[in-house]
Amino acid sequence: SNQTSLVASAVTWGRFGTIDAAYTTIASDGLQLSVDNTPQLKDWSATLFSGLRPVQNTEVNIGKLTFSFDHAVSAVRPIVVSIESFDAQKKRTGGNEKNLYTATANQFLMSSFELADMSSVGEGKFNPLDPYVQFSFTIGSASAGALETKPTLRIDNVSYRTPAYYVSPTGNDNQDGRTEATAFFNPQTALQIAKPGDII
């Protein structure tokens, strides 16, 4: 989707993601935002929207909610990432955003942060109990000297989660580790039973 009618962009689903299978060069399915007409534009931006995604969350502390994803850009440029909450009537209630500064071009990097580390954006306040969220990723003009015929942003492995296991100095490794009250003592105990994607 475009932030301005002057930008010609498209979002495509396909083999644009990370290479998840060991010993192969086959990319996983992911999203690619591509922009076509930037040579004619001095300043531009384009945004990839996820659309409303249903979620079930009972955690009210946004410091325990983690947003993570893999991203690759065709040139070194900032990315503005946002997450917005929507109520049962699909009305926006609030949103948070964060600026990311990419260090390299055409290489996937993983970003992961707690929602408490994001800044409020727009009207309202992000409500973690709402039944819908929407993610968006915005790119714009690159740093000076970047040569691109078709700027792109690739997104893969988007995750919005609460902790799967807890660890605490007052915990006990004989507990299940699933809540703060039943936290493990030793981080290694959580690592031994955690599955890929679990937040500790």
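- Environment of OH in Y160: crowded, with over 12 heavy atoms of neighbouring residues, nucleotides or ligands closer than 6.0 Å.
- V167 is connected to L191 through a chain of hydrophobic side-chain contacts under 4.5 Å among Ile, Leu, Val, Met, Phe, Trp and Tyr, so both are in one cluster.
- Taking all atoms of both residues into account, the shortest heavy-atom contact from Y132 to A88 is CE1-O, 4.3 Å.
- Among pairs with a residue in residues 83-98, those fulfilling side chain to side chain donor-acceptor pair (under 3.5 Å) read E84-R92, E84-Q134, S85-T93, T93-D130, at least two apart in sequence or across chains.
- Summarising the geometry of N57 relative to P128, their closest heavy-atom pair is ND2-O, 2.9 Å, with the distance given to 0.1 Å.
- When hydrophobic clusters are built by joining Ile, Leu, Val, Met, Phe, Trp and Tyr residues whose side-chain heavy atoms come closer than 4.5 Å, directly or via intermediates, I139 is grouped together with W13.
- With hydrogens and angles disregarded, no donor-acceptor distance shorter than 3.5 Å links the side chain of R77 to the backbone of T102.
- Linking Ile, Leu, Val, Met, Phe, Trp and Tyr residues whenever their side-chain heavy atoms come within less than 4.5 Å places F137 and W44 in a single cluster.
- Residue L109 holds its CG atom at 8.5 Å from CG of D70, rounded to the nearest 0.5 Å.
- Criterion: ILVMFWY side-chain heavy atoms under 4.5 Å apart, direct or through other members. Under it, V55 and V81 are part of a common hydrophobic cluster.
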Quiz item: Between L52 and V133, does a side chain to side chain contact (heavy atoms under 4.5 Å, CB included) hold up when you go through it step by step?
Solution: CA-CA 6 Å; L52 298 189; V133 296; over 6 Å; no
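- With sequence neighbours left out, T24 forms a side-chain contact (heavy atoms from CB on, under 4.5 Å) with I19, A21, I26.
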Quiz prompt | From CA spacing to verdict: side chain to side chain contact (heavy atoms under 4.5 Å, CB included), T66, S159 | solution = CA-CA 8 Å; T66 302; S159 175; over 6 Å; no
Exercise. Begin from the C-alpha positions of S136 and T47 and carry the test side-chain hydrogen bond (donor to acceptor under 3.5 Å, both in side chains) through to its verdict.
Key: CA-CA 7 Å; S136 65; T47 302; over 6 Å; no
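- With contacts defined as side-chain heavy-atom distances shorter than 4.5 Å, the pair I79/L153 qualifies.
- Screening residues 176-195 for side chain to side chain donor-acceptor pair (under 3.5 Å), with sequence neighbours left out, gives K64-E180, Y165-R178, D173-T189, D176-T182, T179-T182.
- Note: L31 CG to S50 OG = 9.0 Å, rounded to the nearest 0.5 Å.
- With rounding to the nearest 0.5 angstrom, the CZ atom of F184 is 9.0 Å from the CD1 atom of I200.
- A search for ring-ring contact (aromatic ring centres under 6.0 Å, His included) contacts involving F67 returns F69, F113, F135, not counting sequence neighbours.
- No chain of hydrophobic side-chain contacts below 4.5 Å, direct or via other Ile, Leu, Val, Met, Phe, Trp or Tyr residues, connects V80 to V158.
- Here F108 pairs with nothing under the ring-ring contact (aromatic ring centres under 6.0 Å, His included) rule; sequence neighbours left out.
- In this structure, L115 and F126 have side chains that are in contact, with non-hydrogen atoms separated by less than 4.5 Å.
- Residues N157 and S68 form no side-chain contact, since every pair of their non-hydrogen atoms from C-beta on lies 4.5 Å or further apart.
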Practice problem: Decide side chain to side chain contact (heavy atoms under 4.5 Å, CB included) for H71 and L100; before the verdict, give the C-alpha distance in whole Å, the side-chain angles of both, and the deciding distance to 0.1 Å. | Solution: CA-CA 10 Å; H71 56 93; L100 300 179; 4.2 Å; yes
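- From R161, atom CZ reaches atom CG of L65 across 12.0 Å, with rounding to the nearest 0.5 Å.
- Residues passing the salt bridge (Lys or Arg N to Asp or Glu O under 4.0 Å) test with D29, sequence neighbours excluded: R15.
- Using modelled atom types, no side-chain atom of E114 and backbone atom of A116 make a donor-acceptor pair closer than 3.5 Å.
- Remark: Q32 CD to L48 CG distance equals 10.0 Å, nearest 0.5 Å.
- For the atom pair OG of S111 and CD1 of I155, the computed distance is 9.0 Å after rounding to the nearest 0.5 Å.
- Side-chain atoms of T170 and S168 include a donor-acceptor pair closer than 3.5 Å.
- At least one side-chain heavy atom of S45 sits less than 4.5 Å from a side-chain heavy atom of T138.
- Neither side chain, S34 nor T152, offers a donor N or O lying under 3.5 Å from an acceptor on the other.
- Looking only at side-chain heavy atoms (C-beta outward), N106 and S74 come within less than 4.5 Å of each other.
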